[in-house]
> 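Before I ask anything, here is the structure I am working with.
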Amino acid sequence: MATPALIPTPTPASAPVTRDVVLEPPAVAMVWTGVGRPHEIVAVPGVVLAPGETLVAIELATVCGSDVHTVEGRRPAPAPLVLGHEYVGRVIDVSDGVRAVDGAPVHVGDRVVWSIMAGCRDCDRCRRGLPQKCRSLLKYGHERIQVHWELTGGFATHAHLRPGTAIVRIGEALRAEVAAPAACGGATAWAALERAEDIVDLDGATMLVLGAGLIGLTACAMATDRGATVVVADPDPSRRALAVRFGAAQVADPTDARGLTAALAATGRPEYDVGLEASGSPRAVRSAIDAVGVGGVVLLVGSVFPTEPLQLDPERLVRGLVTIRGVHNYAPRDLDGAIRWLCEHAGERPFEELVSARYPLTQIDQALAAAASGAAVRVGVDPRDAQRRR
């Protein structure tokens with residue numbers, strides 16, 4: 001996609017806080033208007049760039065499972081909106097003073113990945129290190145479009161980044177297919193491992209991962225690199241085979257009553273120290289809680305849509321010194337950590353193969369249907385055709 005010409009429109013001297021940026025050709029966004037309805041193409045001729053904001057031309061987006069849940073009606077969302085929160089792109093305009101997570105200034109031309117949310121950085125939750133739960137949180141791909149903020153998600157040619165967005169510069173070497181999913185699944189996997197290591201040293205630990213999707217596979221590779229022995233459970237034989245290529249010491253079919261026990265025995269380890277549940281299946285959540293041994297930690301990552309509640313045995317948790325932690329999204333340091341790790345280690349595992357289908361932006365409905373089928377770990381959405389076809 002050719003970078004559009006930017007035509008700054010001067011504002012009066014009395015109002016220097018915003019700047020109109022006209023896009024030629026106009027940006028294109030695919031707008032979701034409700035369950036069962038096809039996306040609509042919307043042209044966005046320009047943005048109003050306020051202090052702390054950044055305009056990015058999207059190189060590639062990928063479809064997350066939560067995008068599928070939204071279009072299928074499994075999770076509420078305020079229509080109309082632009083879905084998509086896994087992306088990589090290039091800065092084409094930026095306000096003064098915007099800085100990346102590492103503290104360096106963000107410049108036009110920087111290739112970047114950005115967080116799925118923007119926090120105020122000043123509320124009690126942000127000050128506690130929980131910007132993903134900011135009192136005034138904005139989430140890309142989850143917000144209703146509004147005047148002067150139409151480019152709110154990844155299924156578009158451009159993204160309009162608000163103040164409080166974590167931006168990580170990635171250079172030119174990291175493939176877009178590897179970088180884009182890091183904005184959600186990759187950074188969430190990193191965050192889960194960081195929260196696990198608050199309780200258990202992964203070096204020498206035995207870890208059970210339930211669900212061999214993007215988060216599960218990424219966590220497997222990252223945990224193996226940290227010295228853990230990882231068992232991955234998934235009902236799909238092809239996903240189990242893929243898990244071996246991402247470093248799993250053993251794999252198991254969770255529908256087999258003895259599968260997790262047999263896989264643990266094959267590792268020669270006495271018990272699971274960490275259980276990471278990445279599918280959202282209530283049965284898998286139960287398996288993760290039941291599997292960990294004394295002093296273990298359970299990380300619940302996949303339960304991001306409504307399911308039936310589970311019964312817990314509190315005595316077993318108390319006597320077993322078991323910690324259960326919910327991990328939802330991530331902090332800026334987690335996105336930075338995930339990107340740094342991928343820059344160093346992605347070539348050691350088949351991360352590029354995880355985006356095994358790719359659709360033009362204007363075929364977003366077909367891309368979402370392909371993602372819903374489960375055949376690909378991630379489906380790519382390429383914006384390069386959209387402006388030409390208007």
> Test: salt bridge (Lys or Arg N to Asp or Glu O under 4.0 Å). Region: residues 220-231. Which pairs qualify, not counting sequence neighbours?
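Of all non-adjacent pairs touching residues 220-231, those that pass salt bridge (Lys or Arg N to Asp or Glu O under 4.0 Å) are Glu194-Arg226, Glu197-Arg226.
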> I need the full list of side chain to side chain donor-acceptor pair (under 3.5 Å) pairs touching residues 31-51, with sequence neighbours left out, sorted by first then second residue.
His39-Asp365
> Enumerate the residue pairs fulfilling ring-ring contact (aromatic ring centres under 6.0 Å, His included) with a member in residues 238-268, sequence neighbours excluded, ordered by first and then second residue.
Phe246-Phe351
> Could you work out, with side-chain hydrogen bond (donor to acceptor under 3.5 Å, both in side chains) as the rule, every residue matching Arg144, not counting sequence neighbours?
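For Arg144, no residue satisfies side-chain hydrogen bond (donor to acceptor under 3.5 Å, both in side chains) once neighbours in sequence are set aside.
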> What residues form a side-chain hydrogen bond (donor to acceptor under 3.5 Å, both in side chains) with Thr188, not counting sequence neighbours?
none
> Could you list all the side chain to side chain donor-acceptor pair (under 3.5 Å) pairs where at least one residue sits in residues 287-310, not counting sequence neighbours?
Arg286-Asp290
> Which pairs with one or both residues in residues 246-257 pass side chain to side chain donor-acceptor pair (under 3.5 Å), sequence neighbours excluded?
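Matches after skipping sequence neighbours: Asp253-Thr255.
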> Hey, could you give me each pair passing salt bridge (Lys or Arg N to Asp or Glu O under 4.0 Å) that has a residue in residues 334-351? Not counting sequence neighbours.
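Only Arg195-Asp334, Asp336-Arg340 qualify under salt bridge (Lys or Arg N to Asp or Glu O under 4.0 Å).
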> Using the test side-chain hydrogen bond (donor to acceptor under 3.5 Å, both in side chains), find all partners of His328 that sit at least two apart in sequence or belong to another chain.
Lys133
> Between Arg384, Arg111, Arg175, which is the residue that forms a salt bridge (charged side-chain N to carboxylate O under 4.0 Å, His left out) with Glu59?
Arg111
> Filter on salt bridge (Lys or Arg N to Asp or Glu O under 4.0 Å), then keep only pairs touching residues 265-279, sequence neighbours left out; what's left?
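Salt bridge (Lys or Arg N to Asp or Glu O under 4.0 Å) check on residues 265-279 returns no pairs.
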> How would you list all residue pairs meeting salt bridge (Lys or Arg N to Asp or Glu O under 4.0 Å) that involve residues 311-329, not counting sequence neighbours?
Asp198-Arg325, Glu315-Arg319
> Name all pairs fulfilling the ring-ring contact (aromatic ring centres under 6.0 Å, His included) condition that reach into residues 263-302, sequence neighbours left out, sorted by first residue then second.
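Listed once each, the pairs would be none.
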